[in-house]
Each structure stands twice: as structure tokens, then as C-alpha cells.
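Let me begin by presenting the structure, written as C-alpha cells, before commenting on it.
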Amino acid sequence: MVTKAIIGGTGVYEGGGNFEEVKVSTGYGEVAVTIGEFSGEKIAFLARHGSGHSVPPHKINYLANMKALSELGVKFVYTTAAVGSCSSDFQVGDLVMISDFIDFTSGRVSTYYENGEQVAHVKMDTPYCPYLQKKFLENADSLQIKGNAIYGCTQGPRFETAAEIRAFAHLGATVIGMTSVPEVCLAKELGMCYATIGVITNMCTGFSSEITTHDIATSMHKNKAKLIEVFLKVFSADLTQNECSCKDSLLFL
């Protein structure tokens with residue numbers, strides 16, 4: 001059984017060690033998951049965009065991805081997220097703790113309970129696990145988290161217009177990304193503890209003159225290894241689901 005997982009972009013983990021790729025069949029599709037062993041603990045690594053970063057945000061099979069982790073036995077999930085800043089508080093290269101979200105997507109399925117057999121609702125008072133957030137901060141050492149951020153999730157794959165960014169910021173979003181929803185919602189339905197660290201890779205449209213893929217790739221590459229190191233440090237110790245309410249987030253009517 002694998003109880004801990006890390007989700008990120010292509011090449012979630014790049015380093016030495018023994019790794020095995022497994023294919024997990026779910027009722028929503030087959031998912032490739034890489035499993036490695038660190039400090040005697042098996043860790044699952046999932047590239048949400050698939051092999052070669054080939055799947056755009058609005059086409060990701062979130063249902064299959066999260067179900068595959070659940071079927072492996074995963075209870076604790078850390079994720080990295082490349083985000084744009086629409087706040088003067090966060091600059092390119094900063095790390096932020098994602099504390100809440102606003103969903104600006106359309107047409108994405110965000111529940112496993114829509115087949116008419118049973119009605120269920122999932123609580124979203126703490127969408128991102130406060131226990132995993134606390135454990136990250138305790139082990140972050142020299143990494144500096146610039147603050148809590150509200151994630152505005154947009155449909156993608158295009159970037160947002162300056163007018164859209166002004167509207168999103170007015171509604172309370174401080175960073176913008178394209179993948180946290182429905183991933184976080186499905187994690188909560190599956191009773192997982194799920195936390196996201198955002199990497200500010202660019203200033204949103206209207207905050208700077210240009211957004212380049214070079215800047216985005218550079219910011220992610222600079223921070224990815226450090227974040228994974230902290231995740232693995234947390235995962236090397238015993239974790240519990242008794243210090244948060246994540247496992248009890250699903251309500252049936």
C-alpha cells in the first residue's frame with residue numbers, strides 16, 4: 001500500500017533511486033503512476049499533465065488521476081502549482097501557501113457522485129489540509145513562504161485577459177492557475193489530506209508587459225527540487241488523519 005503522493009508537472013521527481021511505473025486501472029481510465037522508495041517509505045508520483053506534459057489543463061482526467069491514487073491507498077497528497085500573481089504582495093519566484101480557491105472553470109466534472117444513485121456533498125471549509133500545511137512549514141527550513149494565497153482557477157489553456165484578471169482580483173483571488181479545481185474537490189471526496197504550494201512563475205496579464213514560457217519554466221525548475229525535498233522530509237515521518245477533518249469531508253443525503 002502507498003499512503004503518500006506528490007502531484008506536479010512533468011518530471012515530478014528527477015533523481016537517483018529505485019522507481020517503478022505502474023498502470024492503475026480505474027472506472028475513469030488508466031493512469032500511469034511512478035512509485036519510489038525514500039527512507040523506507042513508498043511515495044507515489046503523479047504527473048498531472050501526463051507524459052511529456054502533453055495534456056492541457058482543461059483536458060486532464062482528474063477523475064481518473066485522483067481515483068488511481070485512492071486505489072493505491074493514498075491518504076496524504078502534496079502538490080506543486082505554477083501560478084501567476086495578481087497581487088502586489090507576491091512576486092515572481094515567491095512561494096505561497098494555497099489556502100482557498102475560487103472556481104472560474106466551466107464544464108469540469110468535480111464529483112464522483114453524479115450517477116443518480118446517491119446524493120453527496122463535500123465540505124469546503126478547509127479545502128487545503130491545515131495539518132499538511134503545518135507539517136510543511138515545520139520542515140521548510142530555509143524555504144520562505146510569502147503568505148497565504150487565494151487560488152483563482154481558470155479554464156485554460158489560454159491566459160487570461162487584463163480585464164478578467166482585474167475582475168478575478170476584485171473577487172478576492174491573489175494567484176491564478178488552471179489545475180487546482182477539480183483536483184482538490186475530488187481529493188476531499190476521497191477523504192485525502194491535500195495541500196498545495198504555489199510557485200509564482202509570472203505576473204498576470206496587466207501586471208507586466210509580457211508572459212513568457214521561459215520565465216515560467218525557470219521559476220518552476222528553480223523551486224521544484226526544493227519543494228520535493230520538503231515533501232519527502234514530511235513523508236519520512238508518521239502522519240495521521242486525526243488532526244484535521246479531511247477524511248470526514250463527505251456528507252450523504
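Side-chain atoms are counted along with the backbone in the values below, which use heavy atoms only and exclude waters and symmetry mates. The structure displayed is predicted, hence computed values, not measured ones.
- Looking only at distances, no side-chain donor or acceptor of S39 sits under 3.5 Å from a matching main-chain atom of E41.
- Counting heavy atoms from C-beta outward, T174 and V96 have side chains that stay 4.5 Å or more apart.
- Heavy atoms only, all atoms of each residue included: M1 and G73 are closest at CG-CA, 3.9 Å.
- Side-chain contact check for E71 versus S25: every heavy-atom pair is 4.5 Å or farther apart.
- At least one donor-acceptor pair under 3.5 Å links the side chain of Y112 to the backbone N or O of L63.
- Counting heavy atoms from C-beta on, the side chains of I60 and E183 never come closer than 4.5 Å.
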Checklist entry - Going through the distances and angles, do N18 and E37 end up as a side chain to side chain contact (heavy atoms under 4.5 Å, CB included)? => result CA-CA 7 Å; N18 296 320; E37 187 169 327; 6.0 Å; no

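- K67 places no side-chain N or O within donor-acceptor distance of the main-chain N or O of L190, the cut-off being under 3.5 Å.
- Going from atom CG of D94 over to atom OG1 of T201 covers 11.5 Å, rounded to the nearest 0.5 Å.
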Item to check | Verdict with reasoning, M124 to C185, per side chain to side chain contact (heavy atoms under 4.5 Å, CB included) | outcome: CA-CA 8 Å; M124 281 290 149; C185 306; 4.1 Å; yes

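- Going from atom OG of S87 over to atom NZ of K146 covers 11.5 Å, rounded to the nearest 0.5 Å.
- Within the 4.5 Å cutoff, side-chain heavy atoms of V24 are placed close to those of L72.
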Checklist entry - Yes or no on side chain to side chain contact (heavy atoms under 4.5 Å, CB included) for T79 and R48, after CA distance, side-chain angles and deciding distance? => result CA-CA 10 Å; T79 81; R48 64 164 65 89; 3.6 Å; yes

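- Between the CD1 atom of I165 and the SG atom of C204 there is a distance of 4.0 Å, given to the nearest 0.5 Å.
- Between E138 and K135 there is a salt bridge, with a side-chain nitrogen of the basic residue lying less than 4.0 Å from a carboxylate oxygen of the acidic one.
- Side-chain N or O atoms of Q155 include one that pairs as donor or acceptor with a backbone N or O of S106 at under 3.5 Å.
- A salt bridge does not link R108 to D103: none of the charged nitrogens lies less than 4.0 Å from a carboxylate oxygen.
- Within the 3.5 Å criterion, the main-chain N or O of I98 finds a donor-acceptor partner in the side chain of Q133.
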Checklist entry - Does the pair K4 and F231 meet the rule for a side chain to side chain contact (heavy atoms under 4.5 Å, CB included), with working shown? => result CA-CA 10 Å; K4 301 165 183 177; F231 296 161; over 6 Å; no

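- A donor-acceptor contact shorter than 3.5 Å links the side chain of Y78 to the backbone of L132.
- Listed here is the closest heavy atom pair of D100 and P127: OD1-CG, 3.6 Å.
- The shortest distance between side-chain heavy atoms of I7 and L69 falls below 4.5 Å.
- The shortest side-chain heavy-atom distance between F159 and T154 does not fall under the 4.5 Å cut-off.
- Interatomic distance, NZ of K134 versus CG of N139, reported as 11.5 Å (0.5 Å rounding).
- Closest of all the heavy-atom pairs between L143 and F136 is CD1-CZ, 4.3 Å.
- Counting only heavy atoms from C-beta outward, the side chains of K247 and N242 approach each other to under 4.5 Å.
- With rounding to the nearest 0.5 angstrom, the CE atom of M203 is 4.5 Å from the CD atom of Q91.
- Between Y128 and Y151, a ring centre-to-centre spacing not shorter than 6.0 Å is recorded.
- Enclosure of atom NZ in K123 by more than 12 non-hydrogen atoms of other residues, nucleotides or ligands within 6.0 angstrom is indicated.
- Atom CZ in F252 sits 4.0 Å away from atom OH in Y113 (nearest 0.5 Å).
- Taking the six-membered ring for Trp and the full ring otherwise, the centers of F235 and F38 sit at least 6.0 Å from each other.
- Residues H49 and T179 meet the side-chain proximity criterion, which asks for heavy atoms closer than 4.5 Å.
- Remark: side-chain polar atoms of S249 are not paired, donor with acceptor, to backbone N or O of V122 under 3.5 angstrom.
- The neighbour count for E229 CD, taken as heavy atoms of other residues, nucleotides or ligands under 6.0 Å away, does not exceed 12.
- Between the E189 side chain and the A120 main chain, no donor and acceptor come within less than 3.5 Å of each other.
- Put simply, the side chain of S85 gets close to the backbone of F90: a donor and an acceptor are under 3.5 Å apart.
- Annotation for C153 and S180: closest pair SG-N, 3.9 Å, computed over non-hydrogen atoms.
- Side-chain atoms of T161 come within 3.5 Å of backbone atoms of E164 as a donor-acceptor pair (strictly under, hydrogens ignored).
- When all heavy atoms of G172 and I150 are compared, the closest pair comes out as O-CB, 3.5 Å.
- Counting all heavy atoms, side chain and backbone alike, T196 lies closest to A81 at CG2-CB, 3.7 Å.
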